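Written out below as structure tokens is the structure these notes cover.
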Amino acid sequence: MRFIADFHVHSKFSRATSKNLDLENLYIAARMKGIAVVGTGDFTCPQWMEEIREKLEPAEPGLFKLKESLEKACDARVPASCRGKTRFVLSVEISNIYKKNGAVRKNHNLILAPGTREAEALNARLDKIGNLRSDGRPILGLDARDLLEIMLETTDRGFFIPAHVWTPWFSLFGSKSGFDSIEECFGDLTPHIFALETGLSSDPPMNWRVSALDGLTLVSNSDAHSPMKLGREANLFDADLDYDDIVSAMKTGDPGRFLGTLEFYPEEGKYHLDGHRACGVRLSPDETRKLGDVCPRCGKPLTLGVLRRVDDLADRPLGQTPRKRHSYQSIVPLTDILSEIFKVGPGSKKVQRAYMSVLRNLGPELPILHSLPLDALAESGILPLREAVSRMREGNIRVLGGYDGEFGTVEIFKPGEREALFGQRTLFEMGPPPKSPAASKKPGALKKPAAPPPKKPRTPKPADAPEPVFNARQKAIVRAAPGPMRVSAGPGTGKTRALAGRIAYLIKEKGVAPQSILAVTFTQKAAAEMKARIARMIPHLKTPPCAATFHSFCLDVLQSAAKDDGDGRRFSIIDERERLSLVADAAAMAAEKGFDVSSRADELADGVARAKQALLFPESDLRNAARGMDPAELFAVYRAYQDLLSSQLLWDYEDLIFETCRLFESRPDVRDACEKRFAHILVDECQDLNFAQYRLIRLLAPPGKSVFLIGDPDQSIYGFRGSSPGYLKRFLKDYPEATRAGLDRNYRSTPTILDAAFKVIEKRRFDPSAPKVWSDLAGGAPVGIIRTRTEKAEAEAIVAAIERMTGGSGFFSLDSGRADGAVPAGNRGFSDFAVLFRTAAQGLEIKKAFDRSGMPCRLLSKKDAFFKKDLAPLICLFKWVHDCAPVLDMEAVFSRSKSGVGAKTARAFKMWRYQKGLGLSEAIRQAARLPLPGMGKAAQYKLTAFFQRIEGLRREMSGLSISDRLHRLAAFLKWEPSLESDPKTREGFERLIETARSANGSPRDFLDSLALETDSDVFDKRAEAISLMTMHASKGLEFPVVFIAGCEMGLAPFERAGEDEGPDERRDRLDEERRLFYVAMTRAGEELYLSHAERRMIRGRLVSAKRSGFVSEIDEGLRRDVDVFGDKNKAPRQTQYRLF
DNA sequence: GGCGCTAGCCTTTTT
DNA sequence: GGCTAGCGCC
Ligand SMILES: Nc1ncnc2c1ncn2[C@@H]1O[C@H](COP(=O)(O)OP(=O)(O)OP(=O)(O)O)[C@@H](O)[C@H]1O
């Protein structure tokens, strides 16, 4: 069967598309155009998918049709002459923006799916990579190759077509951010590319000039953003109405089944010629080359069009064709033809009426333009139509080429010619067609001088290369003789690099066994970075050195020591929530015992942590740890807390260090073994050492040991958990033989950024005599200061600025006409940006703004706080029925499951069992027999009855998978309603199920992976995204462009109302705030922006705040005010956006 | 003693 | 915008 197909369209859920793009209107438009197979577009968009499921039903294999009743209603709105079959095929266009080979790449890709199951499977994968909701054409920070791979992993029947491959901004071969070959883009997966979409600005003859495309099927689609644009380009098939046959026709290019394409005149496309829109300069490629690619009016670079780009990559002259090719027909939309005939706009009432009348008389549009015998056109009732279509089919028309985002214009009749031929009033009369006048020539005649492809000014990032480069001072550190050594150096001076280099040096040149090296830091991220750098310097190491955080190293020591001792107990590590809850319980027990407990649980918890960080036992002198509290109170709570922990085999984070120190002190044999094992110890970020961690190092490093500390005292930001750069000085006292070294050359930031940051830290430096860090990187844009009215406007400003700097990520293209403004337009990738802020809560508003924009971002935050709270009863119940301590949220379980057991009974039970030191199961057993103190008979009856229900539940668990168990427990907690109604709860539950699936082991493993779940696990590592994080979390990282949000008094430096602190305490705290700001500023490489809002919601209260004092301390010459939005205080959103 | 509702309170940073 | 204490009703 012969038919026309258009696969690339969009729904109303895509940006800047017509609001009436629903399935009914797509159907109606397809009928009027004569299209039998139309893409749904946007199948990754959940809202659109919902409509698809609601309104479509399966028809022929892999195809869908409008449901009968809808179809009937739609047919009534279509001229009878146009009625016929129209089928839908699931399709989507994805915008890929990513870095490859050191350059930012942006391309669009079309995917066809054989069915909803396959589409949903793909959606599930992509959902983890980017935001599928906010844009029907999702923007993913994902390599196009990886997208193809994900599609292939999901279904072997999907079909992948690089879209409009020549457009400058967003395409495979685009001059701005494309590739020079398919292989460069798709690498090993190139054989899975069978077809290319030529796009509006190119036609088959242009593509035939590139021999590398021989053998690929050139397809054409409309990329319609409104129903009536449907089919302005399309494909002709003679195939079965069947997804697989259609796809196979395109895959093979079988000329019997894929007949060819209907093409827009390429000159009409927005980017056909070269030019500069702001100056109204339109040029052919040859002219542009002569001008050296700059605008003759203003000297700015010209936007090079498709013709030029093809010319650059072509290896054949125009007219020479490959052996295998398909025929094509260039068409002009009927409304444009009518518009010219009537000399009124294509959207005018007059043209619309004429359009409908032509359709009523002759049938659908595309056959009229393409194949209807000319004589039949005489039936149209519009006299010049026959002549116009005839000229169009022969290419006998004049087209003024489009350039730099400006559409081209078509002219079928020369000025005055139309009137001369037909007279003014005869348009609607029948008449014999007049003779065709001579053809006019198309502009931009193609002659190709043998010019080499232009070199792109792209500098590969050093990060992609191995890192063997060290300056002289770094080299001295790397190669220093083993022994105690302390390096103190500023930001970006290559501390981490030197540490990794030293490890590589020890292994490679000194023959040190990798396993005898211990490298420790403080965060998982830093440890991972260390590992990665070592691996890059010495790849293929069988046993890599131990690179870990203090905490994971200690856990390892404790566990292996227990194993060696035959101690089979397994301790669990509790998280912050559990710690607070247990401290509260401990406080209650202490109060029960008659202690006067008046402090809040979180203060007590801090006190306990401080004590442990100082290696103090409950019985020790707690006066320092107690701060404002009564030491006796802290003693009682600390002791009760330790009892609770040890009776349930629990450790908190502090215990890991504390217990390891204790182990080493009480068991010299264990200490000796560990000390021998690790002949070399290296500590990164050593300004963050606290007392316990420093003690640990001393225990492992007797005098003369090869122990290497590297850090920057001005970056010490964890004083609130006991860290102090003082241990750097202390180290020199304890190891008088230690070598000292420093570094002062920064390789990260421009001098301007360094100067600005130095201004902030200058007065409060740890060592005022230390040399100032310098850099000679080029480019010194001043620090941008952004001021907005509200925090919401601040978030929008940051989003808009990043949008501009990425060169527009999809919904507005960055034609040179709009590339002015306060923020440099650019061509950066998402991973080049970080947005930093003081409090995690600020990140939420910023995240929302990014989600609205559709740009991919990653909020790195404490994962539990936001989603574990809702899930607490479920997780608690899970632990309960699997006998995994600690079961801490019993009250929530009681109330959720309508047990009739209230807080008071729960409390009495808990206190009783804690006092008796009973495990949960033993306590439950006894509660069934003995009367419990402080509890009435009725209450105890309800309690024990509930315990029996739990027993029953426990029995139900056997044989079920983890996720089935979770579902069963959720039902027990009567959770379905809130899963339905509350999206947050649902999301949390889904994440839980996801974790359960991937853990796929014992319940214990599931709980462990839940405890370890970091945000990065939730995201696909292949995807690039803008990083959103707290200033603290940014330590050790670097980004070319950094935004620091919330640069206001109260946030930077942070102030808490009603804080009672002494002057010394306050000074120390403010100094740390200052260092934190310094850390944040020095993350930036090339550009730094500090934003502040005049008003912001804090605690539900609108608070006004002045700009941060830190900003004022930066010399005015080093900063400048930036107005992201220009005059309007509004984002340039939803700019009228038309197709390429 | 449980349960639902409201008013008023408070919210840093992390292993 | 979320959490808890306290109130009144069952
Ligand atoms: N000798 C060098 N030549 C070129 N680049 C270097 C050199 N030394 C370090 N760099 C680069 O400088 C940047 C900063 O290095 P690194 O992260 O090791 O610094 P750091 O001192 O640990 O920084 P910070 O304390 O701010 O976290 C990195 O991108 C690194 O690759």
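By convention in this document, chain letters (A, B, ...) are assigned in the order of the sequence lines, proteins followed by strands, and residues within each chain are numbered from 1. Just so you know, these numbers come straight off a predicted model, no measurement behind them.
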_Proximity of A/F1054 and A/F1077 rings by center, below 6.0 Å_ = no
*When you check the phosphate oxygens OP1 and OP2 of B/dT12, does a side-chain N or O of A/R838 lie under 4.0 Å from one of them?*
no
*Indicate, with a heavy-atom threshold strictly under 4.0 Å, whether A/S552 touches base, sugar-phosphate, or nothing.*
nothing
*asked:* Can you identify which nucleotide, out of B/dT15, B/dT13, B/dG1, has its nearest atom closest to the A/T905 side chain?
replied: B/dG1
*Length of the CG-P vector between A/D688 and B/dT13, whole Å*: 17 Å
*Round to the nearest Å and state the distance from A/E578 atom CD to B/dT15 atom P.*
16 Å
*asked:* Rounding to an integer number of Å, can you tell me how far A/D652 CG sits from B/dT14 P?
replied: 18 Å
*May I have the distance from A/Q842 (atom CD) to B/dT12 (atom P), rounded to whole angstrom?*
12 Å
*asked:* Against the six-membered ring of A/Y1078, is A/R1075 placed for a cation-pi contact (under 6.0 Å from the centre, within 45° of the normal)?
replied: no
*Between A/F1054 and B/dT12, do the rings stack, that is, sit under 5.5 Å apart with planes less than 30° off each other?*
yes
*Rounded to the nearest angstrom, tell me the gap between atom CD1 in A/I574 and atom P in B/dT15.*
16 Å
*When you measure from every atom of DNA chain B, which of residues 718-727 of chain A have a heavy atom less than 4.0 Å away?*
A/Y718, A/F720, A/R721
_From the set B/dT14, B/dG1, B/dT13, return the single nucleotide nearest to any side-chain atom of A/K904._
B/dG1
_5'-most by nearest nucleotide on DNA chain B - A/D606 or A/R600_ = A/R600
*Taking the side chain as every heavy atom from C-beta outward, state whether A/V1042 and A/I1044 have any atom pair closer than 4.5 Å.*
yes
_For atom CD1 of A/I1098 and atom P of B/dT12, their distance in whole Å_ = 11 Å
*With a 6.0 Å cut-off on ring centres, are A/F1039 and A/F833 close enough?*
no
*Residue closer to the 5' end of DNA chain B, A/E654 versus A/S899 (nearest nucleotide)*: A/S899
*asked:* Consider salt bridge (Lys or Arg N to Asp or Glu O under 4.0 Å). Of A/R764, A/R1107, A/R1074, which one does A/E1113 pass it with?
replied: A/R1074
_Spacing of A/R1056 atom CZ relative to B/dT13 atom P, expressed in whole Å_ = 10 Å
*Given the side-chain rings of A/Y718 and A/H1032, with only the six-membered ring counted for Trp, is the space between their centroids under 6.0 Å?*
yes
*Kindly state whether the ring of A/F909 and the ring of A/F947 have centres lying under 6.0 angstrom apart.*
yes
*Starting from P on B/dT13, measure out to CZ on A/F837 and report it in whole angstrom.*
10 Å
_If you only use heavy atoms from C-beta on, which nucleotide in B/dT13, B/dT12, B/dT15 is closest to the side chain of A/H1032?_
B/dT13
